[in-house]
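Since the structure is predicted, the reported quantities are computational estimates derived from the model, not experimental observations. Because only heavy atoms are used, hydrogens play no part in the values below, and waters and symmetry mates are left out as well, while side chains stay in.
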Protein chains: 2
Amino acid sequence: MPAAVTEERNRLDRAALLDAAETLFYAHGIQAVGMDRVREASGLPLKRIYRLFATKEDLVVAMLRHRDRRWRADLTAHVESVRDPRARVLAVFDWLAAWFAEPGFRGCAWINVHGELGSSSEPVLAEVRAHKRAFHDQLAAWVGATGAPVAEPVFLLAEGAIVTAAVTGDPAPARHARAAVETLLGCAPASPA
Amino acid sequence: MPAAVTEERNRLDRAALLDAAETLFYAHGIQAVGMDRVREASGLPLKRIYRLFATKEDLVVAMLRHRDRRWRADLTAHVESVRDPRARVLAVFDWLAAWFAEPGFRGCAWINVHGELGSSSEPVLAEVRAHKRAFHDQLAAWVGATGAPVAEPVFLLAEGAIVTAAVTGDPAPARHARAAVETLLGCAPASPA
DNA sequence: TGACGTTGAGAACGGACGTTCTCTATCGTA
DNA sequence: TACGATAGAGAACGTCCGTTCTCAACGTCA
């Protein structure tokens, strides 16, 4: 069998596996989902799964990276379809509002996994921090383009809206955060610490 | 044995058990801590534990309620030692900053447990929502006393600061949130949606 | 065609979990 | 002192987990 064909098959199986793992782990948490359910959902034999990822921890890390790429690409596509810098920042919160209203929304996958596993897995913790830093830096760049020095509070409002929408099951926090961001962008306060 | 003595013993054992459970569950998560570790840490025989709480889920719910009482009482004591309404709201974020800097800080116990168990346990979910609503309402009362209609964003900034401090391990979000709250309290915007 | 490396399907393994049971010791009461 | 209910210590039970192993089927190349 040509190596190129094997490679292509691995690529497709990896994608199917990561999609199945993401759906299950996001919906139920990591420890509540056994590898057998991942096998069942992905349609891949357990042996192949373990050849693609040596341990469940490896699969979790890869799943988080997979989700990170898609999540940030979707957000960026939505936000950067807008031209005006202030409107861009507000568009972040419109995107959040739409996300919160999706069926099956269960908050931030990275915050959830951090709450569940804590610091018991160094690679997972690193992945969580990498995602949050990437989101923070991206948001800070969009806020920076408006000239208002309010990147930190805008980030905190986004994070607060995500966890609050998750816990309450109500998408309203996106509206509240958006209104506050409008105020902050318009206030031009002395630069914060 | 007089009933009163038995009652008193149960009360003391319950308190020791809830303290031990809180420490373990907060540090490592719910599913990662077996009942045997709770027994070891509390010094109580397994049989007595199961007479006080019929299932692990019952223990988790009671532990969350126990922590809720202490957490909100500590916060309230700190905040209400201040007189000026605006200073009271800012004192919330000073208290958060001190909490974030404590050794062993691992974020909000209720958000963590929600992320871990999701909606797989109805009683736990209810306890999480009850805590968040109580904190929200308390904070809204303090913000309301300043006359500024910014209860929602102040709450979201607090939540965002808690999760961000937990994930990054850095207490700085408390300062950033505090600075933003000062701005919001001073801005007097048109009342938000 | 025939030998062989690799695969798929699922059983098997070792351990951990929540919960219950056994057995002995203890204590209050007569 | 003798007895019955209760408590403590920990073994035991049934289940589930992550991971590995077995074994039959298959496709590939001499």
S.K.: When all nucleic acid strands are considered with a 4.0 Å heavy-atom cut-off, which category describes Arg51(A): base, sugar-phosphate, or nothing?
M.R.: sugar-phosphate
S.K.: Can you tell me if His66(A) and Asp19(A) form a side-chain donor-acceptor pair at under 3.5 Å?
M.R.: yes
S.K.: Measure the shortest side-chain to side-chain distance between His176(B) and Thr164(B) over non-hydrogen atoms and say whether it is less than 4.5 angstrom.
M.R.: no
S.K.: To the nearest 0.5 Å, tell me how far Leu52(A) CG sits from Asp58(A) CG.
M.R.: 11.0 Å
S.K.: Once you round it to whole Å, what is the distance between P of dG8(C) and CG of Leu44(A)?
M.R.: 8 Å
S.K.: Any idea which of dG18(D), dT19(C), dG8(C) is nearest the Leu46(B) side chain?
M.R.: dT19(C)
S.K.: Go through the N and O atoms of the side chain of Lys56(B) and the base of dG18(C), and report whether any donor-acceptor pair is under 3.5 Å.
M.R.: no
S.K.: Is the centre of the Phe135(A) ring less than 6.0 Å from the centre of the Trp71(A) ring?
M.R.: yes
S.K.: Figure out the CD1/P separation between Ile49(B) and dG8(D), and round it to whole Å.
M.R.: 11 Å
S.K.: Of the residues in residues 22-36 of chain A, which ones touch DNA chain C at a heavy-atom distance under 4.0 Å?
M.R.: none
S.K.: I need the CZ-P distance between Arg39(A) and dT20(D), as an integer number of Å.
M.R.: 17 Å
S.K.: May I ask you to check whether Glu80(B) and Trp142(B) show a side-chain donor-acceptor distance below 3.5 Å?
M.R.: yes
S.K.: What contact category does Arg37(B) fall into here, base, sugar-phosphate, or nothing, at under 4.0 angstrom with non-hydrogen atoms?
M.R.: nothing
S.K.: To the nearest Å, give me how far apart OH (Tyr50(B)) and C1' (dA7(D)) are.
M.R.: 18 Å
S.K.: Does the ring of Phe93(B) carry Arg175(B) above it, NZ/CZ under 6.0 angstrom from centre and within 45° of its axis?
M.R.: no
S.K.: How many Å lie between CD on Glu40(A) and C1' on dC17(D), as a whole number?
M.R.: 15 Å
S.K.: Heavy-atom nearest nucleotide on DNA chain C for Lys47(B) versus Ala54(B): which residue maps closer to 5'?
M.R.: Ala54(B)
S.K.: Using a distance-only test with no angle check, is there a side-chain donor-acceptor pair under 3.5 angstrom linking Glu57(A) and Ser121(A)?
M.R.: yes
S.K.: Specify the separation, in whole Å, of atom CZ of Arg48(A) and atom C1' of dT20(D).
M.R.: 18 Å
S.K.: Could you tell me how far apart Leu52(A) (CG) and dG8(C) (P) are, to the nearest whole angstrom?
M.R.: 10 Å
